[in-house]
Amino acid sequence: MTTTRAGGVSKPPFATFNLGDHVGDAPAAVAANRRRLAATLGLGDRIVWMNQVHSADVAVVDRAGETVEATDGLVTTTPGLGLAVVTADCVPVLMADARAGVVAAVHAGRVGAAAGIVARALHTMTRLGAHVEDVSVLLGPAVSGRNYEVPEQMAAEVERALPGSRTTTHRGTPGLDLRAGIAAQLRALGVRSVDVDPRCTVEDAKLFSHRRDAPTGRMASVIWLEPAP
């Protein structure tokens, strides 16, 4: 699931349901919003958060606690443990092999996506027993290609690393569609089920967008395995 801007206690410019603790919002407001999210999801205090740094590093976790430092992917086989990724234009990637009992949450910005963070998370899942053909993936709300303008050289570099990413913006300038590139990468790796949330963070005022509003808050996308009955 992915949150929106609504339902929290943060004040402008982070209004209102900001879940990022690194954007300048009052720590008490972020903590209150995170507690509200956990309670709504029925996860109590069992959500793992990341200190995201646009890396290709993935961590395997089995319990909640302190924020995992300097990583952009989380993988677990522990039922009832929520994995959270926060975004405001980057791609939140939620991955699951429900049959094997392995899930992952990935922060895929331009740098991390080009460096292979999604493929590395998938590989980590298979090490823990997942089967690529059984993995389902959701690419959450993110900046769309029509609104992600970049220099020509950058577009070419990302396209070489992540084929299918290069596009043209609504202004006719070089752009990137990271979700298209990630989806192509996943399918080339054998993933059969890739769903893409069509919402563009820049265009949808209900969502946080760093490109549109900086400074601003962060949404959270969360995945977990349901405990056995």
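Reckoned from all heavy atoms, side chains included, excluding hydrogens, waters and symmetry mates. Residue numbers run from 1 in the order of the sequence given.
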Short question: side chain of Thr40, backbone of Arg36 - any donor-acceptor pair under 3.5 Å?
yes
Let me know which of Arg171, Arg212, Arg211, Glu203 forms a side-chain hydrogen bond (donor to acceptor under 3.5 Å, both in side chains) with Asn147.
Glu203
For the student: nearest non-hydrogen atoms of Val75 and Ala104, plus distance:
CG2-CB, 3.8 Å
I'd like to know if the side chain of Thr76 reaches the main chain of Val61, judged simply by a donor and an acceptor atom lying under 3.5 Å from each other, with no hydrogens or angles considered.
yes
Does Phe17 offer a backbone N or O that forms a donor-acceptor pair with the side chain of Ser10 under 3.5 Å?
no
Quick check against the 3.5 Å criterion: does Thr216 have a side-chain atom that pairs as donor or acceptor with the backbone of Asp213?
no
Heavy-atom side-chain proximity of His107 to Val86 below 4.5 angstrom:
no
Taking all atoms of both residues into account, what is the closest heavy-atom pair of Ser55 and Ala70, and its distance?
OG-O, 4.4 Å
Do side-chain atoms of Glu159 reach the backbone of Ser165 as a donor and acceptor pair under 3.5 angstrom?
yes
Taking Asp177 for the side chain and Ser144 for the main chain, is one N or O donor matched with an acceptor at less than 3.5 Å?
no
Report the C-alpha distance between Leu162 and Gln185 in whole Å, list the side-chain angles of each, state the deciding distance to 0.1 Å, and finish with yes or no for side chain to side chain contact (heavy atoms under 4.5 Å, CB included).
CA-CA 7 Å; Leu162 192 68; Gln185 179 186 54; 3.7 Å; yes
Stepwise side chain to side chain contact (heavy atoms under 4.5 Å, CB included) check, Thr167 with Leu176:
CA-CA 5 Å; Thr167 189; Leu176 291 173; 5.6 Å; no
Asp197 and Arg199: CA distance, side-chain angles, deciding distance, salt bridge (Lys or Arg N to Asp or Glu O under 4.0 Å) verdict:
CA-CA 6 Å; Asp197 187 314; Arg199 290 176 293 176; 2.8 Å; yes
One pair to check against side chain to side chain contact (heavy atoms under 4.5 Å, CB included): Met1 and Ser221. What are the steps and the verdict?
CA-CA 5 Å; Met1 61 79 60; Ser221 297; over 6 Å; no
For the residue pair Pro163 and Arg160, what are the closest heavy atoms and their distance?
CD-O, 4.2 Å
Heavy atoms, side chains only, cut-off 4.5 Å: are Leu74 and Val58 in contact?
no
Are the side chain of Asn33 and the backbone of Thr16 linked by a donor-acceptor contact shorter than 3.5 Å?
yes
Any salt bridge linking Glu157 with Arg110? Criterion: basic side-chain nitrogen under 4.0 Å from a carboxylate oxygen.
no
Is there a donor-acceptor pair closer than 3.5 Å between any side-chain N or O of Thr169 and the backbone N or O of Thr173?
yes
Donor-acceptor contact present, side-chain Arg218 to main-chain Asn18, <3.5 Å
no
Side chain Asp72, main chain Val53, donor-acceptor under 3.5 Å:
yes
When you look at Asp195 and Arg179, which way does the salt bridge (Lys or Arg N to Asp or Glu O under 4.0 Å) test go after all the steps?
CA-CA 10 Å; Asp195 291 317; Arg179 289 183 290 188; over 6 Å; no
Looking only at heavy atoms, the pair that brings Pro215 and Pro13 closest together is O-CB, 3.5 Å
Report yes if some heavy atom in the side chain of Met219 is under 4.5 Å from a heavy atom in the side chain of Thr201; otherwise report no.
yes
With distance as the sole criterion, is a donor-acceptor pair present between the side chains of Thr67 and Asn51 under 3.5 Å?
no
Val103 versus Ala96, closest heavy-atom pair with distance
CG1-CB, 3.7 Å
Should Leu19 and Trp49 be marked as a side chain to side chain contact (heavy atoms under 4.5 Å, CB included) after you check the CA-CA gap, both sets of side-chain angles, and the distance that decides it?
CA-CA 10 Å; Leu19 294 154; Trp49 301 87; 4.3 Å; yes
Among Asp204, Thr87, Asp89, which residue meets the side-chain hydrogen bond (donor to acceptor under 3.5 Å, both in side chains) test with Ser209?
Asp89
